[in-house]
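First up is the structure itself, then whatever we jot down about it.
Proteins come first, then strands; the chains are lettered A, B, ... in the order of their sequence lines, and each starts at number 1. This one's a predicted model, so the numbers in the text were calculated from it and none came from an experiment.
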Amino acid sequence: MTQASGSPRVRFAPSPTGSLHVGGARTALYNLLFARHEKGTFLLRIEDTDVERSREELSAQILSAMEWLGLEYDEGPFYQSKRQELYRAAAEKLLTDGKAYRAFETPEELDVDRKKAEAAGRAYRYSGAGRAISPEESARRARAGERHVVRLKMPAETIVVQDLIRGRVEFPPEALDDFVLVRSDGHPLYHFCVCVDDTEMRITHVIRGDDHLANTPKHVALFQALGAPVPEFAHLGMILGTDRKKLSKRHGAAAVEEWRDAGILPETLFNFLALLGWAPGEDREILSREEMEREFTLDRVGASPSVFDPEKLLWMNAQYIARMPAEELLARATAFAPGGVPEKSAALRAVELHRTRARTTVEMARALSAYARDPEDYDPDGMKKQVKADTPAHLERLLARLEEQEDWSAAVLEAALRQTAESLGVSAGRLIHPVRLALTGVTVGAPLFDVVALLGKETASRRLRRFLEAIRPHTPA
RNA sequence: GGCCCCAUCGUCUAGUGGUUAGGACACGGCUCUUUCAAGGCCGCGGCACGGGUUCGAGUCCCGUUGGGGCCGCCA
C-alpha cells in the first residue's frame with residue numbers, strides 16, 4: 001500500500017546534534033525543491049528524542065542556518081520531544097494488536113549474546129525470546145514493575161523497497177531482527193518516532209540520505225504494523241570529502257555556517273548543493289532558484305555519491321559575485337569589513353573595481369577596507385623588486401606633478417604619470433609599480449589609475465608621502 | 001563478518017543500444033594587459049576489470065575489484 005495521489009508532503013528531519021552539515025542541507029534542499037516543483041508541502045521536524053544528546057540551542061543553530069540558506073518550510077518546526085504522548089499511545093496499540101511485544105532481557109544479557117555471536121563469526125540477531133511470553137504474563141510482569149523494552153515483531157518475509165532513485169531493493173528476512181521501539185525507561189527510539197510522525201504528518205515521500213537505505217525495511221515493517229500507508233522513498237547518494245570518505249568535521253568546512261563565515265553567498269551554496277547529485281541537463285550550471293524549482297525532478301537525481309569540491313564552490317561564488325548588483329554586493333561585504341568601508345559612492349565604485357577579483361565577500365570586504373585605511377606595511381618582495389635607488393626621486397617628481405592636477409580622473413592621472421615617466425626617461429612601469437605598492441601595500445590589484453582616482457588627491461598624496469618616508473632610509477642617498 | 005548501495009576525465013556531471021563520449025571546476029599554453037584577476041581561444045585528461053546478451057554496448061545481465069552505508073535500550 002502506498003500513498004494515494006494528491007499533494008505531496010515531504011519533510012526534513014535533522015537531529016539537533018550541532019550545526020547544519022552540507023549533507024543535511026542538500027537533503028533539505030532536495031525536499032524543498034521537490035515540494036515546490038510538485039506544489040506540495042515541506043515540513044521541518046526536529047528529531048530530539050535522545051534526551052541526553054539534544055539541546056535546544058543546537059536546534060536554534062540549525063534553524064538559523066536553514067533560514068540563511070533560504071530553506072523555508074511550510075509547517076513546523078515540530079519537536080519530537082514534545083510528542084511523547086503520541087509515541088506512547090502508538091506503542092500501546094502495537095502491543096494490544098500483537099504487532100509488538102515486551103522483552104525483559106537486560107542490556108548486559110544482550111551484550112553477552114552479541115559477544116558470543118561475534119566470537120562465532122555470526123551476525124548478531126536478537127533471540128526473539130520475548131515473543132514466547134504470553135500476553136497475560138507479559139502484562140503481569142510489566143505491572144509488577146519489571147524493566148522491559150518493546151520490540152517490533154518483524155515479519156518473516158522479504159521486504160521490498162521501491163526506491164524512486166535506486167529502483168527495487170530487496171531485504172531478506174534473516175537480515176532483520178525484532179528491533180527495539182521503546183527503551184526500558186519508557187523513551188521511544190528513533191525508528192519508531194520517525195514512522196509514527198511520518199504517519200501522523202501524512203508524509204508521502206521520504207527523501208533522505210543513502211545511509212538510511214538499510215533502515216528502510218524496518219520502517220516499512222513498522223508502517224505496516226501501524227496500519228499506515230507506506231510512503232515513497234528516495235535515497236540520495238552521500239556527500240564525500242576529497243578523500244572519498246563521508247564528509248565530516250574532519251574535512252573542515254562541512255558545516256553551512258563555516259561557508260557563510262568564509263564569505264560564500266547563500267545563493268551560491270544553494271545552487272552548488274543542488275548540483276551535487278542533480279543536473280538539469282543541457283550543461284547548465286548557474287541556475288536561479290525559480291529555474292531549480294521549475295525543473296527539479298527526482299528522476300534526474302543520481303544514485304552515486306559525490307565529492308564536495310571547495311574549488312568549484314569558490315568558482316561558482318565568483319560567478320554570483322560577478323552578476324550581483326553593486327549595491328547588494330556592498331551590503332553583503334560590509335558585514336565582513338573589519339577596517340570599515342569608504343563612503344557609499346566610493347564604495348560602490350570600489351565594488352565594481354574588485355568584483356572580478358574577489359571570490360568571496362570576505363575578500364571583497366578586505367579590498368573595500370583597503371580604501372578606508374592606509375596600508376600598515378608593504379609587501380617585502382614587492383619592495384625588493386620595485387624600489388630602486390632612483391625610485392624616491394622619481395616619486396617626488398610624480399607626486400609634485402600629480403598634486404598640480406585639478407581634474408582627478410583616471411584618464412588625466414594616467415596621462416600625467418606617463419608624461420612624467422617620459423620626461424624622466426624611464427618606462428611607465430618604473431613608476432606604476434612603486435605607486436601601487438605605496439597606495440595599497442601590495443603589488444597586485446585593480447587598475448592603478450582607477451585606484452588613484454578612487455582614493456582622491458588627499459589620500460593618495462598622503463600615502464605616497466608616507467611611502468617615501470618608509471623607503472628613504474633603505475636607499476643610498 | 002552478514003546484508004545493502006554505488007562505479008563516465010583528478011572533481012561535479014551530460015549520456016537512457018549506433019556519439020569524433022559533450023559541458024563545468026582544477027591544471028597547462030596563448031591572448032588581452034601597468035600588476036593581479038576576469039574574459040576569449042587552444043590543450044591535457046574518462047566509460048574500473050572480466051565475461052556474457054546483441055549486427056552493434058558507457059548504456060542491458062552476471063561476476064571480480066574498489067569505494068561507501070547499515071547491522072545499539074544512538075540518531
For nucleotides 40-47 of chain B, just jot down a letter per nucleotide in 5' to 3' order: B, S or -, based on protein non-hydrogen atoms under 4.0 Å.
-> --------
Which letter, B, S or -, goes with each nucleotide of nucleotides 2-15 of chain B from 5' to 3', with contact meaning a protein heavy atom under 4.0 Å?
-> -SSSSS---SBSSS
Sugar-phosphate or base contact per nucleotide [nucleotides 33-39 of chain B; S, B, -; heavy atom under 4.0 Å] | -BBBBSS
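Taking all atoms of both residues into account, the shortest heavy-atom contact from A:L63 to A:P77 is CD2-CG, 4.2 Å. Closest approach of A:L181 to A:A100, counting heavy atoms only: CD2-CB, 4.1 Å.
Applying the side chain to side chain donor-acceptor pair (under 3.5 Å) rule to A:S138 yields the partners A:R102; only residues at least two apart in sequence or on another chain are considered. The side chain to side chain contact (heavy atoms under 4.5 Å, CB included) test applied to A:S423 returns A:R397, not counting sequence neighbours.
Taking a 6.0 Å sphere around CZ of A:R401, one finds it holds more than 12 heavy atoms contributed by other residues, nucleotides or ligands.
Taking side-chain N and O atoms only, A:R125 has no distance below 4.0 Å to OP1 or OP2 of B:G72.
Checking A:S306 against A:R26 by side-chain atom types alone, no donor-acceptor pair falls below 3.5 Å.
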Ring pair (Phe, Tyr, Trp, His ring centres under 6.0 Å) between A:H21 and A:F308, worked out = CA-CA 12 Å; A:H21 280 244; A:F308 185 95; over 10 Å; no
Derivation and outcome, side-chain hydrogen bond (donor to acceptor under 3.5 Å, both in side chains), residues A:Y101 and A:H148 | CA-CA 10 Å; A:Y101 61 89; A:H148 63 273; over 6 Å; no
Derivation and outcome, side-chain hydrogen bond (donor to acceptor under 3.5 Å, both in side chains), residues A:E47 and A:Y79 = CA-CA 6 Å; A:E47 316 238 299; A:Y79 293 84; over 6 Å; no
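In this structure, CZ of A:R208 is placed 17 Å from P of B:G69, rounded to the nearest angstrom. With rounding to whole Å, A:H191 atom NE2 is found 11 Å from B:C74 atom P. Between the CG atom of A:L240 and the P atom of B:G66 there is a distance of 17 Å, given to the nearest Å. Rounding to whole angstrom units, CG of residue A:D211 and C1' of B:G67 are separated by 15 Å. Atoms CZ (A:F179) and C1' (B:A75) sit 14 Å apart, rounded to a whole Å. Atom P of nucleotide B:C73 and atom CZ of A:F192 are separated by 16 Å, given to the nearest angstrom.
To the nearest whole angstrom, the two P atoms, one in B:U53 and one in B:G69, are 37 Å apart. When the C1' atom is used for both B:C70 and B:C49, the distance is 27 Å, rounded to whole Å. One C1' atom belongs to B:G68, the other to B:G29, and the distance between them is 39 Å to the nearest Å.
Sequence neighbours left out, not one pair with a member in residues 314-326 of chain A passes salt bridge (charged side-chain N to carboxylate O under 4.0 Å, His left out). For residues 422-448 of chain A, every residue pair satisfying the salt bridge (charged side-chain N to carboxylate O under 4.0 Å, His left out) rule, not counting sequence neighbours, is listed here: A:D390-A:R430.
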Check: residues 265-277 of chain A side-chain donor-acceptor pairs under 3.5 Å, at least two apart:
unit_1: A:E267; atom_1: OE1; unit_2: A:R332; atom_2: NH1; d: 3.1
unit_1: A:E267; atom_1: OE2; unit_2: A:R332; atom_2: NH1; d: 3.3
unit_1: A:E267; atom_1: OE2; unit_2: A:R332; atom_2: NH2; d: 2.5
unit_1: A:T268; atom_1: OG1; unit_2: A:N317; atom_2: OD1; d: 2.6
unit_1: A:N271; atom_1: OD1; unit_2: A:L287; atom_2: N; d: 3.0
unit_1: A:N271; atom_1: OD1; unit_2: A:Y320; atom_2: OH; d: 2.6
unit_1: A:N271; atom_1: ND2; unit_2: A:E285; atom_2: O; d: 3.0

Which pairs would a plain distance check flag for residues 154-167 of chain A, meaning a side-chain donor or acceptor within less than 3.5 Å of a matching protein atom at least two apart in sequence or in another chain?
unit_1: A:D163; atom_1: OD1; unit_2: A:I165; atom_2: N; d: 2.7
unit_1: A:D163; atom_1: OD1; unit_2: A:R166; atom_2: N; d: 2.9
unit_1: A:D163; atom_1: OD1; unit_2: A:H235; atom_2: N; d: 3.4
unit_1: A:D163; atom_1: OD2; unit_2: A:H235; atom_2: N; d: 3.1
unit_1: A:D163; atom_1: OD2; unit_2: A:H235; atom_2: ND1; d: 2.6
unit_1: A:R166; atom_1: NE; unit_2: A:H235; atom_2: O; d: 3.0
unit_1: A:R166; atom_1: NH1; unit_2: A:A303; atom_2: O; d: 3.4
unit_1: A:R166; atom_1: NH2; unit_2: A:H235; atom_2: O; d: 2.6
unit_1: A:R166; atom_1: NH2; unit_2: A:A303; atom_2: O; d: 3.2

Show the atom names and distances, to 0.1 Å, of all donor-acceptor pairs under 3.5 Å that link a side chain in residues 109-118 of chain A to residues at least two apart or in another chain.
unit_1: A:E109; atom_1: OE1; unit_2: A:T106; atom_2: N; d: 2.8
unit_1: A:D111; atom_1: OD2; unit_2: A:K115; atom_2: NZ; d: 3.2

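Between A:F192 and A:F179, the ring centre distance reaches or exceeds 6.0 Å.
Of all nucleotides present, none satisfies the Watson-Crick or G-U wobble test against B:C73 with each distance under 3.5 Å. Using Watson-Crick or G-U wobble geometry with both donor-acceptor distances under 3.5 Å, B:U35 finds no partner in any strand shown. Pairing of B:C49, defined by two Watson-Crick or G-U wobble distances under 3.5 Å, is identified with B:G63. The partner of B:A24, taking Watson-Crick or G-U wobble pairs whose two distances both stay under 3.5 Å, is B:U11.
Not a single donor-acceptor pair under 3.5 Å links the side chain of A:E352 to the backbone N or O of A:R349. Remark: the backbone N or O of A:S288 is paired with a side-chain donor or acceptor of A:E291 at under 3.5 angstrom.
Near RNA chain B, meaning a heavy atom under 4.0 Å away, the residues from residues 143-160 of chain A are A:V149, A:R151.
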Which pairs, protein N/O on one side and nucleotides 60-64 of chain B N/O on the other, fall under 3.5 Å?
none

